[in-house]
Amino acid sequence: MRPKITLTMTAAPSSDGVPLAALRLRRSLAWPVGQAEAILSPAVEAPDAGAKVRIEGSATGDQPAPLFTGRILRRQVGLWGSRLLIEEATGPLARLHIDKMANSSTAAKLIQELCQEAGVEAAVEPPGATLPFYAVQFSRSAMDNIVRLAAISGVLVVTTVEGKLRTLTPLPAPVATLQRDGAVLAFQSVDDPDEAAGSLITGDGAMGAKGPGAEGWLLQSLDAVAAGDGAIPHHQPGLKTAADVGRASTTLAMRAKERLRARLLSLAGIPPADLGEAILLTGFGPAPEPARLVGITLTWSVEHGLISRLELNGIGV
């Protein structure tokens, strides 16, 4: 059967989806606010700007799977049909700029509060890093702060296909297996033999090394760096406990290693997993290899069919 891609109003989930004439959507782990461009035929009445919609698809025409959930930013109507520019449901976080102070809090609690301010649904894994003090400044968007809070907590932050902001521990266990067969249109492996620059994470707490209880702050001496023998420190203010520093440092090093082995894979069908999750690649090398899904570009048209371009990073290098 032919692939089927539909757009449904989330306000009327029981209604039949409107078939799309063409679609291009982009989602990435680098920035958790994706966008989609959808084309509807002239025979279809397009939803208005501001409407909440869900895009679903199936490579075989059977039960559709969710691919994208968001809100229509702009609608353009012509004799050729309608063009919709759609932003993922977490988009309001990228436009929210506020001043906020947090004392004796956690990263998970602060992320949840920012999502509530923006009216965005969230599924946040507690507790995240312990924060004696944290300042959300107006110069940074709420999403900028969330990405930073996730990094110092050693977790990934993504927007799910259901439109929820989610933080998850970057586990290496694959959630799906992808076999090299006729559905795989292209595969490219780019291994970087050069080691990434080392990085250390240090924390200076809320008041630096001069405040009360300074002996509790974790500080990294820069003597070795100045002598040319050490790694350049990656400074993350606010971290205090050894567990938080270790978790953030381990995750940072793990993701740096994963980026050394990039994989680009084009697939005739929908992605087998969601962003941040691991896939077991079989038949692409001498042995099965797990890889993390870090980017998805999906295109659909009557002329070229349904194609998913997956950006993957090798795990366990």
Side-chain angles (χ1 to χ4, degrees), residues 26-34 107 111 123-125 128-129 143-144 146-161 165-180 184 186-202 230-236 239 243-267 270-298 308-317:
R26 168 70 179 166
R27 302 172 61 228
S28 174
L29 204 61
W31 182 247
V33 183
I111 291 174
V124 181
E125 292 186 3
M143 184 61 84
D144 285 321
I146 288 174
V147 170
R148 186 166 183 252
L149 289 166
I152 65 177
S153 299
V155 298
L156 305 177
V157 57
V158 301
T159 299
T160 67
V161 290
L165 184 124
R166 179 188 176 197
T167 61
L168 67 156
T169 304
L171 299 175
V175 300
T177 300
L178 188 58
Q179 177 72 40
R180 188 163 196 168
V184 176
F187 177 74
Q188 182 182 5
S189 176
V190 184
D191 293 347
D192 187 351
D194 298 327
E195 287 291 335
S199 180
L200 297 175
I201 292 183
T202 62
I232 299 174
H234 184 71
H235 185 69
Q236 295 284 15
L239 292 182
D244 286 342
V245 172
R247 187 183 305 109
S249 181
T250 299
T251 303
L252 184 68
M254 178 195 70
R255 295 194 67 185
K257 285 186 177 181
E258 289 181 1
R259 284 193 292 268
L260 295 177
R261 301 185 69 181
R263 279 89 175 89
L264 301 176
L265 191 151
S266 294
L267 177 72
I270 63 175
D274 205 356
L275 289 175
E277 296 178 335
I279 302 171
L280 185 65
L281 302 177
T282 62
F284 296 88
E289 176 192 6
R292 191 178 312 284
L293 185 55
V294 298
I296 298 172
T297 302
L298 186 145
S308 297
R309 184 176 184 268
L310 310 181
E311 300 170 27
L312 303 137
N313 287 341
I315 298 177
V317 297

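Here, residue 1 is the first one in the sequence, and each next residue gets the next number. Computed from a predicted model, the values in this text were never measured in an experiment.
Applying the side-chain contact (heavy atoms from CB on, under 4.5 Å) rule to R26 yields the partners S28, T297, E311; only residues at least two apart in sequence or on another chain are considered. S308 pairs by the side chain to side chain donor-acceptor pair (under 3.5 Å) definition with nothing, not counting sequence neighbours. Every residue meeting the side-chain contact (heavy atoms from CB on, under 4.5 Å) condition with P288, not counting sequence neighbours, appears here in chain and number order: L280, T282. Considering only residues two or more places apart in sequence or on other chains, R292 meets the salt bridge (charged side-chain N to carboxylate O under 4.0 Å, His left out) condition with E258. Evaluation of the side-chain contact (heavy atoms from CB on, under 4.5 Å) rule for V161 yields R27, P66, D274 as partners, not counting sequence neighbours.
When all heavy atoms are compared, the tightest approach of V294 to L275 is C-CD2, 3.7 Å. Across all non-hydrogen atoms, the minimal contact from A278 to A173 is CB-O, 3.9 Å. For the residue pair V155 and T167, the shortest heavy atom distance occurs at CG2-CB, 4.1 Å. Closest approach of A291 to L312, counting heavy atoms only: CB-CB, 3.9 Å. Among all heavy-atom pairs drawn from P272 and A176, the shortest one is O-CB, 3.6 Å. Annotation for A107 and L149: closest pair CB-O, 4.0 Å, computed over non-hydrogen atoms.
Between L267 and F187, every side-chain heavy-atom pair lies at or beyond the 4.5 Å cut-off. Side-chain atoms of R166 and V158, non-hydrogen and from C-beta on, do get closer than 4.5 Å to each other.
One finds the CG atom of L293 at 5.5 Å from the CG atom of L310 (value rounded to the nearest 0.5 Å). Separation of atoms CD1 (I146) and CD1 (I111) is listed at 6.0 Å; rounding is to 0.5 Å. Here the straight-line distance linking atom CD1 of I315 with atom CD of E289 works out to 8.5 Å at 0.5 Å rounding. For the atom pair CG of L265 and CZ of R180, the computed distance is 8.0 Å after rounding to the nearest 0.5 Å.
Side-chain atoms of S153 come within 3.5 Å of backbone atoms of A129 as a donor-acceptor pair (strictly under, hydrogens ignored).
At a cut-off of 3.5 Å, with distance as the only test, a side-chain donor of S189 or R263 sits close to an acceptor on the other residue.
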Requested in this report: Please assess L165 against M143 for the test side-chain contact (heavy atoms from CB on, under 4.5 Å), listing each intermediate value before the final yes or no.
Outcome: CA-CA 10 Å; L165 184 124; M143 184 61 84; 3.8 Å; yes

